[in-house]
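Only one structure is covered here, and it is reproduced in the block below.
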Amino acid sequence: MKYPLLTAALAASLLATVPTLAGDVDPRQAEARALVKRFVGTVKPLLTSTIQEQGPVAAIEVCAEQAPALADQLSEETGWSVSRVSLKPRNAERAQPDAWEREQLERFAARAADGEPGPMLNHGEVVDGRYRYMQAQPVGGVCLVCHGETIEPAVAEAIRTYYPEDRATGYQLGEIRGAITLTAPAEDAGP
């Protein structure tokens, strides 16, 4: 086990972004939260094992290839659109927020700056006849390895290789790095 502290920090930070289902009254929100939990619960072990076995440079490939593939798979299986967005996207093609997502990300950032915990930073509503949900992804300690102000040269080179238009660096602990965003199938949007 080469990176036990990094791995433990990654696991804690990813799980902290998934809210509990207790108290949900809207079944769409409960379903959206379950999908977020499934997404994070799949990506986390991939990142954890990759960091343990190969180090943080290799984990970039997990985020670049396997995480988007999982989002696509969940979208296909469930009918929900599942993706990740950011105000400072790493993946210029897949992570650009639309106007509603941008507004939610800005609200999440303000709420986080006011001290609201990351797991509480979520929002769901009907927009243009579709149910939309977002769950913030705050920066945990391990996130700083690839998203912080100081990045090791080998990690920076791997980021440039996978993401030539990367803007997702310079973050500090607790800032909102982005969000997982979901849109329900039209028939499930409700009133």
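- Annotation: the span from I60 atom CD1 to D166 atom CG amounts to 9.5 Å, rounded to 0.5 Å.
- Hydrophobic clustering of Ile, Leu, Val, Met, Phe, Trp and Tyr side chains at less than 4.5 Å, counting indirect connections, unites I180 with Y131.
- Within the model, atoms CE of M134 and CG of L105 stand 3.5 Å from one another, a figure rounded to the nearest 0.5 Å.
- The two residues V43 and A67 come nearest to each other via the heavy atoms CG2-CB, 4.1 Å.
- For the atom pair Q96 CD and S83 OG, the distance stands at 11.5 Å (nearest 0.5 Å).
- Contact record, T169 with G148: CB-O, 3.8 Å, taken as the closest heavy-atom pair.
- In this structure, the side chains of C143 and Q137 stay at 4.5 Å or more apart for every pair of heavy atoms.
- Nearest heavy-atom pair, A136 versus P138, reported as atom, atom and distance to 0.1 Å: O-CD, 3.5 Å.
- For A154, the side-chain contact (heavy atoms from CB on, under 4.5 Å) partners at least two apart in sequence or on another chain are V57.
- No more than 12 heavy atoms of other residues, nucleotides or ligands lie within 6.0 Å of CD in E152, so this atom counts as exposed by the packing criterion.
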Determine whether R38 and E77 satisfy the following criterion, side-chain contact (heavy atoms from CB on, under 4.5 Å), listing intermediate values before the conclusion. CA-CA 12 Å; R38 185 173 164 197; E77 285 177 15; 2.5 Å; yes

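- Both F39 and L182 belong to a common hydrophobic cluster when Ile, Leu, Val, Met, Phe, Trp and Tyr are linked at side-chain heavy-atom distances under 4.5 angstrom.
- Y133 places no side-chain N or O within 3.5 Å of a backbone atom of E31 that could act as its donor or acceptor partner.
- Note that the CG atom of L46 and the CD1 atom of I51 stand 11.0 Å from one another [nearest 0.5 Å].
- Side-chain atoms of E101 come within 3.5 Å of backbone N or O of D98 as a donor-acceptor pair.
- The same ILVMFWY cluster, assembled from side-chain heavy atoms under 4.5 Å apart, contains both I176 and L87.
- The hydrophobic clustering, which links ILVMFWY residues whose side-chain heavy atoms are closer than 4.5 Å, places V36 and V62 together.
- R107 is listed as a side-chain neighbour of Q104, based on a closest heavy-atom distance under 4.5 Å.
- Shortest non-hydrogen contact noted between L173 and G141 is CD1-N, 3.3 Å.
- A donor-acceptor pair is defined here as one N or O able to donate and one able to accept, closer than 3.5 Å; such a pair exists between the side chain of R130 and the backbone of A184.
- Of all the heavy atoms in M120 and R111, the pair that sits closest is O-NH2, 2.9 Å.
- In this structure, Y171 and R177 approach most closely via the heavy-atom pair OH-O, 3.3 Å.
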Stepwise, does the side-chain contact (heavy atoms from CB on, under 4.5 Å) test hold for Y162 with E65? CA-CA 9 Å; Y162 282 97; E65 296 179 5; 3.4 Å; yes

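- In this structure, Q66 CD and E61 CD are separated by 6.5 Å, a value rounded to the nearest 0.5 Å.
- A salt bridge links R160 and E157; the closest N-O separation between the charged side-chain nitrogens and carboxylate oxygens is under 4.0 Å.
- Ring pair W100/H123 is tilted by interplanar angle, where 30° to 60° counts as tilted.
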Going through the checks in order, is the side-chain contact (heavy atoms from CB on, under 4.5 Å) test met by H147 and R90? CA-CA 9 Å; H147 293 282; R90 175 151 283 172; 3.2 Å; yes

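- Taken from CZ in R84 to CD in Q135, the straight-line distance is 14.0 Å, to the nearest 0.5 Å.
- A donor-acceptor pair is defined here as one N or O able to donate and one able to accept, closer than 3.5 Å; such a pair exists between the side chain of S75 and the backbone of V82.
- Residues L74 and W80 fail the side-chain proximity criterion, which asks for heavy atoms closer than 4.5 Å.
- Contacts of R94 classified as side-chain contact (heavy atoms from CB on, under 4.5 Å), with partners at least two apart in sequence or in another chain: P68, A71, D72, N91.
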